[in-house]
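Data first, discussion second: the structure below is written as structure tokens.
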Amino acid sequence: MGQSKTMETRRDGCYAGISFVVLLVLLAAAVTVTIYLTRDQQPLDIRLPISAVPFHYNLEIQTYMNAPKPKDFYFKGNVTIWFHCRSVTKNITLHSVNLQILDAKLSVYGKRFKDSDPNVLSYNIDSERQFLILNLDRELKVNKTYLLGIQFKGELNTEMFGYFQGSYTINDTDHFYTVTQFEPTYARSAFPCFDEPAMKSTFNVTLIRPSHLNSLSNTQTIRTGQNFSEGNVTYVSDVYDMTPYMSTYLVAFYIGDFEHLSKNTSNGLKFSTWAPPPMVNSTSFALDIGVDLLHFFEEFYNISYNLPKLDMITFKHFAFGGMENWGLITYRDDHMLYEEGTSRLTRKTTVARTISHELSHQWFGNLVTMAWWDDLWLNEGFAKYMDSFGVDNINPDYNAVSAFVVIDVFRVMRGDSLVTSRPVYTPVTRNEFILEIVDDITYTKGAALIRMLSNFIGLDTFKQALRVYLKTKSYSNANHDELWETFTKQATMDNKHINVKDVMDPWLHQMNYPLVTIKRDGPKLVLGQERFLEEYRSDPNKTSDLLKNPTERYTWNIPLTFMTNQSRHVDHALRDIHWMWTNETTKVLNYGHGNRAGQATKWILANIDHYGFYRVNYDVDNWMALCEQLNQDHTVIPVLNRAQLINDAWTLALSGRLSTDVAMATLSYLHKENDVLVWITPATILNDVMRRLTNTAAYDALKKYIQCKVSQQYKHHLLKQDSTIKELQANELFSALACIYGIEDCLKEAHRQFSLWRNNSSSYPIDRHFLGIISCYAVAYGGWNVWNFAYEMFQRSSSYLERRHLSNALACSQSPSILNRYLVKLLEPSDQRLADPINVIDHVMGNPNGRALAWNFFRANFAKLYALYGESVTKVAKLADHLNTQYELDQLKEFIEVHVKEDYSDVIKTVEANIRWVSSNGDGILKFLQKIHSEPC
């Protein structure tokens, strides 16, 4: 399952009158912030009793889509469930929610009905636990097999969960379809069932549809019935073959008028991609790469895909990027469609990784499933790692694993440095908690830990252990301890003596991660580990109450790898890994002070290729030696470590653990750095720094410094199309940075292209790769006419991505009166298409010309905004990131006291930390820049 479209995107800012969101949208098509659990409610026993255990379903559903109003569409059906009685019981408890139960009957399997057989007397609904409890007139007998038949009816919702409806439009005509999204707990809203992942069964599905439409389900159709009429509609039934033994959340079906492309794989599998007729040709890339990825995973797992067909189908409105339903994978358009010559070339990466993610699930998740939702990371963490791993194996040009590290892993490390984070393994005791763990911790941290494991155990051992695990657990469920046991056994067979459970449990059961400190002492390294907490960027002279608690002094088993200026080869095998164990908060290693030729070790670098999920802080001399190496020949240091050095140094500086002089020194070589994967890190970090420095003397000096560094790269990237994905990523990034930091050639080119668009908007579509960049800077340096045109294009667009780009660009104006007009539109009912008021206010606040304006507007109009938009406008944390003065902090406190009931102490701490950071570091950055004023670019 891909992550939700509705997750909050990473905070953006802007400066020099320019919205920095342009850049961040380019960096990550699906960047999300970790969702952290707020467990205010008490635990609830939501597990089904195991007195009745299902093993097969016959499910028949008839879909009614002929009502004049779509809100009146509905479905009705009947399900027969075969189950074993495991213990004496006088009721049957299963799941059902939002369904009308019409009838329920019980019979003994293989026997005629007798008066002595149990009957269903009545039923109860436990709404909180979503239980359907059938009360019987007598007890079920242990070890007997029963058949439970239930007739039901339900509404086709529009919420994109359960069994729901959607539509697309051709020539002003609406075409309706229905489709399912059952993960995590929505199968129960489509048919009564035992809706837990461990309650696996086989399924025979029959779909009764209007005869002019088609249908799909997990397996292939084995027959289609005769047409029959009901009312004024002709229906026909499609009967599907039996599924493999699988969980209810993987059941899927669709009815509509989509068309498809197909290919046969080398082993005879029919692989098809489905879409509405106007878009079906845009699925050809998904079809081609899907076939290649399926073949890769079959070889990697050494287990053939076990169905004779595989369908992938895409929808404009879908809750997730993708969903791994066995044999019928569903997607949102922006994660499956790619139109040659029209779509952004970088969209190929998004499409490829999403397809790789869902195909990997056909083994890890479908064939072997987590036993309960608290191990959701087993499904999603593995699929998240394997999606980039799979893509790189079929086409290394994507650099998907490296991009995963510098975008996804670096992002989740920032979120996981807060006391509001959570462990990867989190007990799930309420239904609503399940969706809460569909977050960055489950997906990205889980994937990062799998990547770390694959490194210290070795890829061959990793692959063989996965094969054994999938083979022995096929069609069943497992927990993480069973996985660790398989890895340990395989490692032992491969003469690698390591207990994987002992190593991995602290990473799984503790939130946050370690900071490894390294100090050189002659021929020795003095190592330390401590729990890294950003502490809301708190006062470094204070220690939080949480850190004072000895029980909260977390430690980890840390795999350490090193290289030096003399020894640059790292095998990434166990023999090259030094371990720091949970019982070691300090450790001393001998590394040698020089070689036989008498050459001294100038620097040491740790966590090679960033396989370990931890940060590193060195003594100042070593930091500066590494910076000197970057200036002399940065290619000596691996690409991911160049990004890591910048990321670690600035994160440490922002949290008060490292001098800003050192952090600034990591940037001094950037005019020589050509690798876009490295540049992504300073581009993202400097957004945060520039936002903090708004209205300070250091702001303009730092802007000029970065402009100098960027100008060298921009000379090769003049808003032009390139041929490869990596070249295009570099093109987009450096063009965005050049305009953001005011390089004149970029601004002129943006104005020229936007003017051509204004003069002929129908025949000169701006290249979508640069729509955000060009629109932002045209609006920034244009007047009302330019802004009005951009707003008109925003209103006309039906593309989510285009609308996002244009909405953000509208906040780039340098005119306070234009920015005020944009804000006022949030209060006009006719402009509710703006949809996300906090996003608009956030981006206007990110513009120095609109910061005070937007903040005052938000406070003055909060009641009106709340009446129009509801709870979404209470997310003031996003706005608080921009505040950095005591006066603004006082305004925030007053606002919270009047309007917000929840505890917003974290938000206040953020602003307090911003104030301290500017006070402590603003002058230091300015002095550093003045000191190196003559440094060449």
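Residues take their numbers from the sequence shown, with the count starting at 1. Just so you know, these numbers use all the heavy atoms, side chains as well, and skip hydrogens, waters and symmetry mates. This is a predicted model, so every value here is computed, not measured.
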- [ ] If the plane angle is over 60° it's perpendicular, under 30° parallel, otherwise tilted; pick one for Phe83 and Phe194.
- [x] tilted

Task: Side-chain ion pair, Arg430 and Glu128, N-O less than 4.0 Å - done: yes

Task: Cation over ring face, Lys316 and Tyr168, 6.0 Å, 45° - done: no

Task: Over-ring placement of Arg467 relative to Trp363, 6.0 Å and 45° cut-offs - done: no

TODO: Using a 4.5 Å cut-off on heavy atoms from C-beta on, say whether the side chain of Trp82 contacts that of Pro54.
DONE: no

Task: Distance-only polar pair, side chains of Tyr163 and Thr63, donor-acceptor under 3.5 Å - done: yes

Open item on the list: Taking the basic N atoms (NZ, or NE/NH1/NH2) and the acidic carboxylate oxygens, is any pair closer than 4.0 Å for Asp311 and Lys270?
Closed with: no

Task: Separation between OH of Tyr186 and CG of Asn431, rounded to the nearest 0.5 Å - done: 9.0 Å

Task: Residues forming a salt bridge (Lys or Arg N to Asp or Glu O under 4.0 Å) with Lys200, sequence neighbours excluded - done: none

Task: Geometric class of the Phe164/Phe318 ring pair [parallel <30°, tilted 30-60°, perpendicular >60°] - done: tilted

- [ ] Give the ring-plane orientation class for Phe297 versus Tyr301, where under 30° counts as parallel, over 60° as perpendicular and anything between as tilted.
- [x] parallel

Open item on the list: Does Phe228, at its CZ atom, have more than 12 non-hydrogen atoms belonging to other residues, nucleotides or ligands within less than 6.0 Å?
Closed with: yes

Open item on the list: Set out, in order, the CA-CA distance, both residues' side-chain angles and the distance that settles ring pair (Phe, Tyr, Trp, His ring centres under 6.0 Å) for Tyr109 and Phe55, then state yes or no.
Closed with: CA-CA 12 Å; Tyr109 174 68; Phe55 63 91; 7.2 Å; no

TODO: Please tell me if the side chains of Pro184 and Leu435 come closer than 4.5 Å, counting only heavy atoms from C-beta onward.
DONE: yes

Open item on the list: Is the ring pair Phe161/Phe320 parallel, tilted or perpendicular, if the boundaries are 30 and 60 degrees?
Closed with: perpendicular

Open item on the list: A quick test of your reading: do over 12 heavy atoms of other residues, nucleotides or ligands sit less than 6.0 Å from CD of Glu155?
Closed with: no

- [ ] Report yes if some heavy atom in the side chain of Arg47 is under 4.5 Å from a heavy atom in the side chain of Asp45; otherwise report no.
- [x] yes

TODO: Would you mind checking if Lys69 and Asp72 are paired as a salt bridge, meaning a charged N to carboxylate O distance below 4.0 Å?
DONE: no

Task: Aromatic plane relationship, Phe253 with Phe182 - under 30° parallel, 30 to 60° tilted, over 60° perpendicular - done: perpendicular

Task: Approximate separation, where rounding is to 0.5 Å, of His175 NE2 and Leu213 CG - done: 10.5 Å

Open item on the list: Within the structure provided, determine whether Ile255 and Met65 are in side-chain contact (heavy-atom separation under 4.5 Å).
Closed with: yes

Open item on the list: For the CD1 atom on Ile50, are there more than 12 heavy atoms of other groups (residues, nucleotides or ligands in this structure) within a distance under 6.0 Å?
Closed with: no

TODO: Using a strict 4.0 Å threshold on nitrogen-to-oxygen distance, state whether Arg209 and Asp238 make a salt bridge.
DONE: yes

